[in-house]
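Here the structure is laid out as structure tokens; the discussion comes afterwards.
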Amino acid sequence: MSDQPRPRASLRTAVVWEVLKEALDRRVKATGRDALDVLDTGGGTGNFAVPAARLGHRVTVVDPSPNALFALERRAAEAGVADRVRGVQGDILGLFDVVERDGFDAVLCHGVLEYVDEPAEGVRNAVEALRPSGALSLLAAGLGGAVLARALAGHFTEARQALADPAGRWGEGDPVPRRFTAEQLSGLVSDAGMEIAAVHGVRVFADLVPGVLVDTEPGAVEALLKLEAAAAEQPAFHSVATQLHVLGEKRR
Ligand SMILES: C[S@@+](CC[C@H](N)C(=O)[O-])C[C@H]1O[C@@H](n2cnc3c(N)ncnc32)[C@H](O)[C@@H]1O
């Protein structure tokens, strides 16, 4: 890894990117192919699709938002990977209207299940899009992280409401329709016929630390990134993470 200071924004993506990159590298070794076929469902403006294309992979982004796909196209062009990124308007619940079954080495589903009416069907579709032994990278909002954040902001009733609500919402004004525990997310992945390769807690501390402590102290972002990476692996911290990441591997 580079010795250059990393921007604060990397706190949102670093843990997931490291896990994903390792999974892609393993798949490259296993298949003997340098360029993998990657599907990013709900890939939006390309936070993961563009870096994956920069590794040399061919990435298809399926997203219902024309604005996101437009921004993706521009971003891919700026990164010099326009020839390896394909944006397709579509929905994870109608995935096979726009992409083939069994066509991908890796499928990403990051920050999407929260907004989908039938999360189990979304995960099943993501898995059906994979080739045998392909990797599923699933990231979704964690219930416990939201409860903790509401409580630390002094919104105790909302924190209790999120804890009691089956969808993990803290009230009418909550912009997120659904949150998950690590057990729920892992259950969706194994019910869809995948082996669970790893579960990580994402943004355990980053959203709780006052920005001034991170922005003014030299080396603070790097130190916090290392702390996040260490805590991500520990099951004890899964229950308070803002997001949860599950890496699955499709059975043969
Ligand atoms: C929070 S953004 C995440 C974007 C990207 N995956 C990332 O991690 O940066 C959620 C994305 O999911 C897309 N989305 C919402 N509902 C969807 C659905 N039913 N099927 C596929 N994508 C959906 C949105 O258009 C948006 O681009």
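All ligand and atom numbering here is 1-based and tracks the order in the structure.
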Side-chain contact, heavy-atom cut-off 4.5 Å: His155 with Trp170? no
What residue among Leu108, Thr41, Val189, Val112 forms side chain to side chain contact (heavy atoms under 4.5 Å, CB included) with Leu138? Val189
Between CD on residue Glu249 and OG on residue Ser133, distance to nearest 0.5 Å: 5.5 Å
Tell me whether Glu121 at atom CD has more than 12 heavy atoms from other residues, nucleotides or ligands lying less than 6.0 Å away. yes
Looking at Arg84, is its backbone amide N or carbonyl O close enough to the side chain of Arg58 to form a donor-acceptor pair, meaning the two atoms are under 3.5 Å apart? no
Around atom CD of Glu118, are there more than 12 heavy atoms from other residues, nucleotides or ligands closer than 6.0 Å? no
Exactly which residues line ligand 1, taking a heavy atom under 4.0 Å from it as the test? Gly42, Gly43, Gly44, Asn47, Phe48, Asp63, Pro64, Ser65, Asp91, Ile92, His110, Gly111, Val112, Val116
